[in-house]
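The analysis underlying the following values was restricted to heavy atoms, covering all of them including side chains, and did not include hydrogens, waters or symmetry mates. To find a chain, count down the sequence lines: A is the first, B the second, and so on, and within it residues start at 1. Because the structure is predicted, anything quoted here is derived from the model rather than measured.
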2 protein chains.
Amino acid sequence: MANITIKDIAKALNFSVSTISKALNNSYEISAETRKIIIDYANQHNYRPNRLAKSLKIGHTNSIGVIVNSFFSSTFLAQVLDGIHKASNEVGCDIIIMQSYENVANEKACLDSLISKGVDGILLSPVSETSNSDYINLINEKHCPVVLFDRLNPEIKTTKIGVNEYKGALEATQHLIDINRKRILFITGDKFGDNNQRIQGFKKALKNLDIPINPRYMVFCSLENTDEMDAKISNSILGLIEQNIAPNAIFGATDVITTRSLGILAKLKIKVPDEIAVIGFANTDIAFSLNPSLSAIRQPAKDMGYLALKKLIELIECASNTKRTSLYETILLETSINIRKSTTL
Amino acid sequence: MANITIKDIAKALNFSVSTISKALNNSYEISAETRKIIIDYANQHNYRPNRLAKSLKIGHTNSIGVIVNSFFSSTFLAQVLDGIHKASNEVGCDIIIMQSYENVANEKACLDSLISKGVDGILLSPVSETSNSDYINLINEKHCPVVLFDRLNPEIKTTKIGVNEYKGALEATQHLIDINRKRILFITGDKFGDNNQRIQGFKKALKNLDIPINPRYMVFCSLENTDEMDAKISNSILGLIEQNIAPNAIFGATDVITTRSLGILAKLKIKVPDEIAVIGFANTDIAFSLNPSLSAIRQPAKDMGYLALKKLIELIECASNTKRTSLYETILLETSINIRKSTTL
DNA sequence: TTGTAAGCGTTATCAC
DNA sequence: GTGATAACGCTTACAA
């Protein structure tokens, strides 16, 4: 079960432990000849340095921790992780992914676990926009840099990489108005705060044109349970139709909401886009495969992950704490809008 | 930057290091009184045990490594990872996920990296069905248990958890024949071997009813590049139509193939299922949202991940190597078939 | 009930 | 150019 160690090599080759260590680390102190002997032996016997021991000694692990809600929940997060992974390959560090499952206590446990493992830095998409703020600030100051991504807790003083959701939502809504669809059903999650930027962007677009905001056109549905979500969406639409104020467009605030809305409309035999146009935030490649193909606001998920890790590395490499705080910045990446058939009249 | 250590607590509280250690581990040797003092102090000062040091000492890490192709590629893998995660929560171990990106050298690097980190066991979905076989056998014998999932390399002697793809494909094909669709276009990846169980199952269903296997109805397309994939699928269909041997059904061998086929048919204005029925392997929840909703063979992805980890833990906990080999088993989980509108006439 | 000391596999300082 | 040795933070006999 045991791996071969430096000590084993030393014994076998009749060198001292320190000679082996230096040779394996290509130290200039060791002659080319003995270095070769040692390295050959190591390769032949599948020597793999024990990183626990190494990290314990040198004081860092060359690994960074990533905490997300749950990466099984959406292709969006998968793309963010892809970007993180790409950056980690470039800088040559490992990543350890943990999931908070939208739970504040879990989030704290993840943080502790990562610190116990000695990560050099942490990439965090917080559970909520105010969770564990003090604790995270403490960690960032005393232990290792923490960089926030996607969800940007304003109480945390550090570098944050997010998306300009406000502008994305505004543009999408504007697009619907442009094609003369003004009775827009806005569907979002029931746990988003009211200052959510997607809601704000939506409202702003209406306000710009003095279109009144009708609360009956705002629906807040469960994000965890798709059955509940479907029921809520379906009932909202049917209810409005009954009252003779049927919407002629739907704006979905998330990936799942948007794609499922399309499925529900098909089931209800409501024609898209003829009767109801559909647009929404969606990072899935499947937007293309849907029928009709789905117009969508795409978030630069991969870029976000990539940038977040790069910025974290900068903070890690910046030795002095005082200088570090001057590096803190908040970056909002721009979304892009893809017009497809679901909003093409 | 530094965490508080046992030594710090010892100094502050005027106890010895070992007393602190024992108290923190709830040893019966320590009086309730001093234990309380120590634990309170530790909590107040956010003491977090250094797991590097602990693991180095005790010889195991309570963590297991997982190597997959690339979990961004499909919801299938995300579901497998979800199952692994669920099981890891139950047994109380951490998981470290690595990606081989379908590359044999990468796979070896992942294995080495995991062993360097001292994982207690490895869960592996091999790059190909013959990659690194000797090396993996060596690791499994000398270092830590390796359990295979999804892709089952026959050359590796260990526990393997897979899916009965053969039966799944057979049933799906049978279903198409049952609805009287016998000109079935089988679309699969160009890198699957010929003894791939999905192909075999498909062929067997035809054979059972003496339906000849027409090679023009077998298309092998790129899985990496969706543009190439789309072109290949599109051209195949159009070519057959031109020759007046248009298929009246499509069987897609993967998630992506199946959903994209639906998109392509919509684009070509070919009616589904009226002109061409569609079924395929697909683990995406979006099957429901598609229009028409997609009939699919679903693999028990989450169960597979869950079971794989549980079996790995069994192997880890089985101390003696000789007894361990007697635990090796190969489990093939059954698929389920969901008939939806894309094959409902 | 508490303390001493050795050792896990490295690296790094210093001596030879 | 090579070798002793201490130290990283922890656990664990064994001693007191």
Practice problem: Determine the contact category for A/S31: base if any of its heavy atoms lies under 4.0 Å from a base atom, sugar-phosphate if only primed atoms, P, OP1 or OP2 are that close, otherwise nothing. | Solution: sugar-phosphate
Self-check item: Donor + acceptor pair across side chains of A/T34, A/S31 (<3.5 Å)
Solution: yes
Quiz item: Which sits closer to the 5' end of DNA chain C, B/T19 or A/N25, going by the nucleotide each is nearest to?
Solution: B/T19
Quiz item: So, is A/S18 near the phosphate of D/dA4, with a side-chain N or O under 4.0 Å from OP1 or OP2?
Solution: no
Quiz item: DNA chain C: A/K22 or A/K7, which has the more 5' nearest nucleotide?
Solution: A/K7
Self-check item: Under 4.0 angstrom between A/Y28 side-chain N/O and D/dT2 OP1 or OP2
Solution: no
Practice problem: Looking at every strand, decide which applies to B/T5 at a 4.0 Å heavy-atom threshold: base, sugar-phosphate, or nothing. | Solution: sugar-phosphate
Quiz item: Separation of B/N62 atom CG from D/dT11 atom P, in whole Å?
Solution: 13 Å
Quiz prompt | More than 12 heavy atoms from other groups under 6.0 Å of CG on A/N43 | solution = yes
Practice problem: Provide, to the nearest angstrom, the distance between the CG atom belonging to A/N26 and the P atom belonging to C/dT11. | Solution: 12 Å
Quiz prompt | Carboxylate-amine/guanidinium proximity below 4.0 Å for A/E314 and A/K323 | solution = no
Quiz item: A/L13 CG to D/dG3 P: how many Å, rounded?
Solution: 10 Å
Quiz item: Are the charged groups of B/D112 and B/K108 less than 4.0 angstrom apart, N to O?
Solution: yes
Quiz item: 5'-most contact on DNA chain D: A/E29 or A/V17, nearest heavy atom basis?
Solution: A/E29
Exercise. Whole angstrom is fine here: how far is it from CD1 in A/I58 over to P in C/dG9?
Key: 17 Å
Quiz prompt | Quiz item: cation-pi between B/K157 and B/Y328, 6.0 Å / 45° | solution = no
Quiz item: In terms of side-chain heavy atoms of B/A53, which of D/dT11, D/dG9, C/dG9 is nearest?
Solution: D/dG9
Practice problem: Specify the separation, in whole Å, of atom NZ of B/K54 and atom C1' of C/dG7. | Solution: 17 Å
Quiz item: Among D/dT2, C/dG9, D/dT11, which nucleotide sits nearest the side chain of B/I6?
Solution: D/dT11
Quiz prompt | Sugar-phosphate only, base, or nothing, as touched by B/T34 at under 4.0 Å among non-hydrogen atoms | solution = sugar-phosphate
Quiz item: Expressed in angstrom and rounded to an integer, what is the separation of B/I38 atom CD1 from D/dC10 atom P?
Solution: 13 Å
Quiz item: Base, sugar-phosphate alone, or nothing: which one does B/K57 contact when heavy atoms must sit under 4.0 Å apart?
Solution: base
Exercise. Could you please name the option among D/dG9, C/dT2, D/dC10 that lies closest to any side-chain atom of B/L56?
Key: D/dG9
Exercise. Quickly work out the A/F15 CZ to D/dG1 C1' distance and round it to whole Å.
Key: 10 Å
Exercise. Kindly say if A/S21 contacts the phosphate of C/dT10, meaning a side-chain N or O under 4.0 Å from OP1 or OP2.
Key: no
Quiz item: So, A/E224 and A/K191, do they make that salt bridge, N to O below 4.0 Å?
Solution: yes
Quiz item: Rounded to whole angstrom units, what separation is found between the CD1 atom of A/I4 and the P atom of C/dT10?
Solution: 10 Å
